[in-house]
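Residue numbers begin at 1 in each chain, while the letters A, B, ... track the order of the sequences. Just so it is clear, the model here is predicted, and its values are computed rather than measured.
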There are 2 protein chains.
Amino acid sequence: MRQTQSVRDRLLKANIKPSYHRVRVFEYLMATTAHPTAEDVFEELVKEIPTLSRTTVHNTLNLLVDAGLAHLVTIEAHQKRFDGTTARHGHFQCRQCGKVYDFLAPANGNDPPELEGFLIEDRELYFRGVCRDCQERETKKGGTDS
Amino acid sequence: MRQTQSVRDRLLKANIKPSYHRVRVFEYLMATTAHPTAEDVFEELVKEIPTLSRTTVHNTLNLLVDAGLAHLVTIEAHQKRFDGTTARHGHFQCRQCGKVYDFLAPANGNDPPELEGFLIEDRELYFRGVCRDCQERETKKGGTDS
DNA sequence: TTCTCTGCAAACGCTTTGCACGGAT
DNA sequence: ATCCGTGCAAAGCGTTTGCAGAGAA
């Protein structure tokens, strides 16, 4: 419950009233590494909060992103994914299984010279390809594709 | 017109029949640095090809991306942007004016160790913040926000 | 003739908006 | 009594799909 307390404080600092729903959404987001979509968050939380609505989840997630408390992951074009981690890191999405992996961003702090004078607030590194599991699956199958 | 020729060749190599529409879409994509959306491409090309339809533009852009001839830029969640450049580079989007800037990716060839064994086919670097122009605009205004 | 590119219109999926209810202060 | 978080339903927006017509080989 003390985590809840710190969550409340962080919301308060961001001028977001820490209602029960908002606290739960924020907690869930920080606890998971699955880069959930708004729908994912809703489906998980509605189990324990049956009256929860999608609108509230959307509202809350947008509030969190606007306040800088959550990250927007746009590695897929048709939907928003959210990330409660504020640490700088990247995402890899496998084009076969669709899974999104986290990785720590390489520690090359230097930003490109073209962006001198730009205020950089957010850095996202997106890699796409085929994950190890899917490659092994391919290898096992060999040329069995007829 | 010789560029058209090379465009045709590249399409042919990718097993895409170089129809007139497809050639024009691909040419346009390679000529611009504006990271157009499908709608942008449509609105530009429909001026010279009045019978062009959005469906064809979408189809063609998806073909190009699947063939690796174009890049999908998902820096915004609600729409797809396309990029005809195959060179490794990054994008910066200003949260005030919405403009997307290109920059050459920093030459940090080393990929994160967590992704060892992963087949990395595509690397995208997305920065968000406030561009120089918008910062200057803010500075000029000072506290004039009423 | 056959193949497939094209285009219209409708369907689709996710997000946002409008509005009214209800709890908290 | 006022404020504002909440939830339902509908609208919105860009993308995809189904199907029929036209053009190329």
Handout entry: Between C:dT16 (P) and A:Glu39 (CD): distance, integer Å
Key = 14 Å
Completion exercise
Taken in chain and number order and not counting sequence neighbours, the residues that satisfy ring pair (Phe, Tyr, Trp, His ring centres under 6.0 Å) with A:Phe92 are B:Phe118
Exercise for the section: Name all residues meeting the ring pair (Phe, Tyr, Trp, His ring centres under 6.0 Å) criterion together with B:Phe42; count only those two or more places apart in sequence or in a different chain, and write none if there are none. Expected result: none
Practice task
Please list, by residue number, the residues of residues 41-55 of chain B whose heavy atoms come closer than 4.0 Å to an atom of DNA chain C; answer none if no residue qualifies.
Solution key: B:Thr51, B:Leu52, B:Ser53, B:Thr55
Problem - Five-pair end axes of the helix from C:dT1-D:dA25 to C:dT25-D:dA1 and the angle they enclose, rounded to 10° - result: 20°
Handout entry: Under the salt bridge (charged side-chain N to carboxylate O under 4.0 Å, His left out) test, residues paired with A:Asp122 that sit two or more places apart
Key = B:Arg128
Practice task
Mind running side chain to side chain contact (heavy atoms under 4.5 Å, CB included) on A:Val130 and B:Glu121 for me, showing each step along the way?
Solution key: CA-CA 8 Å; A:Val130 183; B:Glu121 298 171 329; 4.1 Å; yes
Practice task
Report the nucleotide, chosen from D:dT17, C:dT15, D:dT6, that has the shortest atom-to-atom distance to any side-chain atom of A:Gln79.
Solution key: C:dT15
Between the protein and nucleotides 22-25 of chain D, which nitrogen or oxygen pairs are less than 3.5 angstrom apart?
none

Handout entry: Ionic contact status for B:Glu116 with A:Arg132, cut-off 4.0 Å
Key = no
Exercise for the section: Compare all side-chain heavy atoms of A:Arg10 with those of A:Phe26 and state whether any distance is below 4.5 angstrom. Expected result: yes
Problem - Same apolar cluster: B:Tyr101 and B:Tyr126, side chain cutoff 4.5 Å - result: no
Between the protein and nucleotides 21-25 of chain C, which nitrogen or oxygen pairs are less than 3.5 angstrom apart?
none

Exercise for the section: Measure from CG on A:Leu72 to C1' on C:dT15 and round the result to the nearest Å. Expected result: 12 Å
Write down the protein N/O and nucleotide N/O pairs, taken from nucleotides 1-4 of chain C, whose separation is under 3.5 Å; answer none if there are no such pairs.
none

Practice task
Go through D:dT15, D:dT17, D:dT6 for me and flag the one nearest to the B:His58 side chain.
Solution key: D:dT15
Practice task
Can you run down the ring pair (Phe, Tyr, Trp, His ring centres under 6.0 Å) pairs that involve residues 64-85 of chain A, sequence neighbours left out, and say none if there aren't any?
Solution key: none
Practice task
Using whole Å, report how far CG of B:Asp40 lies from P of D:dG14.
Solution key: 10 Å
Exercise for the section: Please state how far atom CZ in B:Arg81 lies from atom P in D:dC13, giving the value in whole angstrom units. Expected result: 16 Å
Completion exercise
Here the distance between atom C1' of D:dC13 and atom CD of B:Glu76, to the nearest Å, is 13 Å
Practice task
Could you name each residue pair satisfying side-chain hydrogen bond (donor to acceptor under 3.5 Å, both in side chains) that touches residues 39-51 of chain A, not counting sequence neighbours?
Solution key: A:Arg24-A:Glu48, A:Thr37-A:Asp40, A:Glu39-A:Arg54, A:Glu44-A:Lys47
Handout entry: Residues that A:Tyr28 engages under ring pair (Phe, Tyr, Trp, His ring centres under 6.0 Å), provided they are two or more places apart
Key = none
Exercise for the section: State whether B:His78 places a side-chain N or O below 4.0 Å from either non-bridging phosphate oxygen (OP1 or OP2) of D:dC13. Expected result: no
Practice task
Assign the ring pair B:His91 / B:His35 to parallel, tilted or perpendicular, where the plane angle (0 to 90°) is split at 30° and 60°.
Solution key: perpendicular
Exercise for the section: Would you please confirm or rule out a distance under 4.0 Å between OP1 or OP2 of C:dT6 and any side-chain N or O of B:Asn59? Expected result: no
Donor-acceptor pairs are to be reported for all side-chain atoms of residues 63-70 of chain B against protein atoms at under 3.5 Å, with residues two or more places apart or in another chain.
none

Handout entry: Nucleotide nearest A:Ser19 when distance is taken to its side chain, options C:dG7, C:dT17, D:dG5
Key = D:dG5
Practice task
Check whether any side-chain heavy atom of A:Val57 sits under 4.5 Å from a side-chain heavy atom of A:Leu52, and report yes or no.
Solution key: yes
Handout entry: Single-linkage hydrophobic cluster B:Leu115~A:Val100, side-chain heavy atoms < 4.5 angstrom
Key = no
Exercise for the section: Mark yes or no for whether A:Glu114, through its side chain, and B:Leu104, through its backbone, hold a donor-acceptor pair below 3.5 Å. Expected result: yes
Exercise for the section: Please confirm whether the backbone N or O of A:Lys17 pairs with a side-chain atom of A:Arg22, one donor and one acceptor, at under 3.5 Å? Expected result: yes
Exercise for the section: Identify which nucleotide among C:dT16, D:dT6, C:dT6 has an atom closest to any side-chain atom of A:Lys80, counting heavy atoms from C-beta outward. Expected result: C:dT16
Handout entry: Backbone N/O of A:Val7 and side chain of A:Glu27: donor-acceptor pair under 3.5 Å
Key = no
Practice task
Using atom CG of B:Asn62 as one end and atom P of D:dG14 as the other, report the distance to the nearest whole Å.
Solution key: 16 Å
